[in-house]
Amino acid sequence: MDKSFDLIVVGAGLVGCAFALDVVQRSNLKVALVECRPMATVDVRSPSISIGNQRVVALGMKSIDMLRRVGIFDKLTADQAHGYTSMRVWDESSNGELSFDASDVDQPLLGYMVDSQACTSILQEQAISFHKVRKASSGLTCFFDTEILSIELAAQRCQLFGSDQFHIKAPLVVAADGSRSWVRQQAKIQSSRLNYEQRGIVAKIRPKASHQNCAWQRFSKTGPVAMLPLHDNYCSIVWSLDSSHAEQLLELPDDEFCALLGQTADWKLGEIAEVSPRQSFPLISQQAQTYIAPGVALMGDAAHSIHPLAGQGANLGFKDADCLANLILSAKPNEHASLSLLAQYQKERRPDNRQTDLLMTLLNQGFKTSNRAVSAVRGLGMNWINQTTFIKKLLAEQAMGI
Ligand SMILES: Cc1cc2nc3c(=O)[nH]c(=O)nc-3n(C[C@H](O)[C@H](O)[C@H](O)COP(=O)(O)OP(=O)(O)OC[C@H]3O[C@@H](n4cnc5c(N)ncnc54)[C@H](O)[C@@H]3O)c2cc1C
């Protein structure tokens, strides 16, 4: 095996895999993609509520454009990607309400609800198909189920070592290995971390009333609950709650959970007829203090994790991938790992990611307050925005990533 590459991407999740494919398809660079787990698989027995991964990500049109560009979006089935046309947000403690429609921004859709595991699996299949046609001097080489045992990071000279004499090298390593990024730790990059002491309960539900292809979100003092529209009138829920409260809800029998959810959502979707097995995830905010070090760039959750209340985490990761890919593709030959290019990447992406993180933290805290004056002002603000066309348009464009 030729062990020299132009670029090594560590982590074949949504972000790392899309990034590696994008670079390979638009350049002559020789790229290695290293993933510690076996290839992701999808249970295709039926789109039933009770099986498979319950995690769905709301992706704006800019992220969908990237999935189209790397050639996988059309491979997702209707069960795996569902377009939504509107969004309704309302507040428990005031009469505040906000609604967005794709028509506000002259678009047919605001975005898609995408099955995260199916999308990862199809991206990885696409990566493998490029692996099969790689040439000696360019293309993609995939290493799944490969544990990196040690790493040497230096400007223009990085090396990865694993078992069975696995040894590869490249001028640049892109860390897309998730929020606990091992590469980030090896590069000695610190990160600031805020534990919300909350968990996000994730499940699929089937409400009795039509979801109308609308993403519903109610803010309450216990935390936000989102009901995101899927195929066949199923919805994906993300219910963020204080950890002890979440534990209680995870233990509830299905009928009691459905009743509580219906009530918490003000019966906007009527009674909840069915719920899948529930999963939960700890909610944190984490920001790497720098995205770059000699020979290394961080992207996606390796660089930043945010509260999921506005469904922006993966969208920000795709923006990182798009930005770094564009910078690499416009670099002069052999300069794709230069410090100035990496500095430009950090300059373009870090402020956006930090501002979004801060906004999520403020929204999460701001909607939890029981102060009646704050609630009243919040309600007035939401209703004012709702009636102010140009601000609504800006917010809708922000949500779509355009
Ligand atoms: C409850 C919840 C709901 C969410 N909803 C949304 C939403 O609606 N919209 C949205 O945009 N975002 C959402 N997010 C955020 C989104 O899920 C993440 O931002 C996104 O999945 C991050 O992708 P990633 O590829 O950066 O990292 P990951 O998905 O974590 O992928 C990292 C990959 O790296 C691999 N890896 C790890 N360590 C190593 C190693 N040492 N060597 C090799 N490989 C390694 C892992 O196996 C994995 O494949 C949500 C998050 C939560 C918790």
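Here, residue 1 is the first one in the sequence, and each next residue gets the next number. Both counts, for ligands and for their atoms, begin at 1 and track the order of listing.
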Classify the side-chain pair [X]/[Y] by whether it contains a donor and acceptor separated by less than 3.5 Å.
X	Y	answer
Y196	T361	yes
R199	S280	yes
Q346	T290	yes

Could you tell me whether [X] atom [atom1] has more than 12 heavy atoms of other residues or ligands within 6.0 Å of it?
X	atom1	result
R26	CZ	yes
D255	CG	yes
Q190	CD	no

May I ask you to identify the nearest protein heavy atom to [atom], giving residue, atom name and distance to one decimal place in Å?
atom	answer
atom 6 (C) of ligand 1	V57 CG1, 3.7 Å
atom 1 (C) of ligand 1	V202 CG2, 3.7 Å
atom 8 (O) of ligand 1	A58 N, 2.8 Å
atom 3 (C) of ligand 1	P308 CB, 3.6 Å
atom 37 (C) of ligand 1	D177 O, 3.3 Å
atom 21 (O) of ligand 1	L14 CD1, 4.2 Å
atom 5 (N) of ligand 1	V56 O, 4.0 Å
atom 26 (O) of ligand 1	D301 N, 2.9 Å

What atoms of ligand 1 come closer than 4.0 angstrom to any heavy atom of [X]?
X	value
G178	27 (O), 30 (O), 32 (C)
V34	43 (C), 44 (N)
A176	32 (C), 33 (C), 34 (O)
G300	26 (O)
G13	25 (O), 31 (O), 33 (C), 49 (O)
R37	47 (O)

Could D254 and R278 be called an ion pair, given the rule that one side-chain N must be under 4.0 Å from one carboxylate O?
yes
For the side chain of [X] and the backbone of [Y], is there at least one donor-acceptor N/O pair under 3.5 Å apart?
X	Y	value
D177	V10	no
Y291	H304	no
Q107	L109	no
R37	A12	no

Is ligand 1 less than 4.0 angstrom away from at least one heavy atom of [X]?
X	value
G317	no
R55	yes
G200	no

Would you check the N or O atoms of [X], main chain and side chain alike, for any that come under 3.5 Å of an N or O of ligand 1?
X	value
N315	yes
W182	no
V10	no
V15	yes
A314	yes

What distance do N353 atom CG and D320 atom CG have between them, rounded to the nearest 0.5 Å?
5.0 Å
Working to the nearest 0.5 Å, report the span between OG of S99 and CH2 of W90.
12.0 Å
Options M299, E35, H304, ranked by nearest heavy atom to atom 46 (C) of ligand 1, top entry
E35
Out of S280, S179, C36, whose heavy atom is nearest to atom 43 (C) of ligand 1?
C36
Name of the residue among S305, S285, S192 meeting side chain to side chain donor-acceptor pair (under 3.5 Å) with D357
S285
How close do V23 and A325 get, counting heavy atoms only, and between which atoms?
CG2-CB, 4.0 Å
Flag: protein heavy atom within less than 4.0 Å of atom 29 (O) of ligand 1:
no
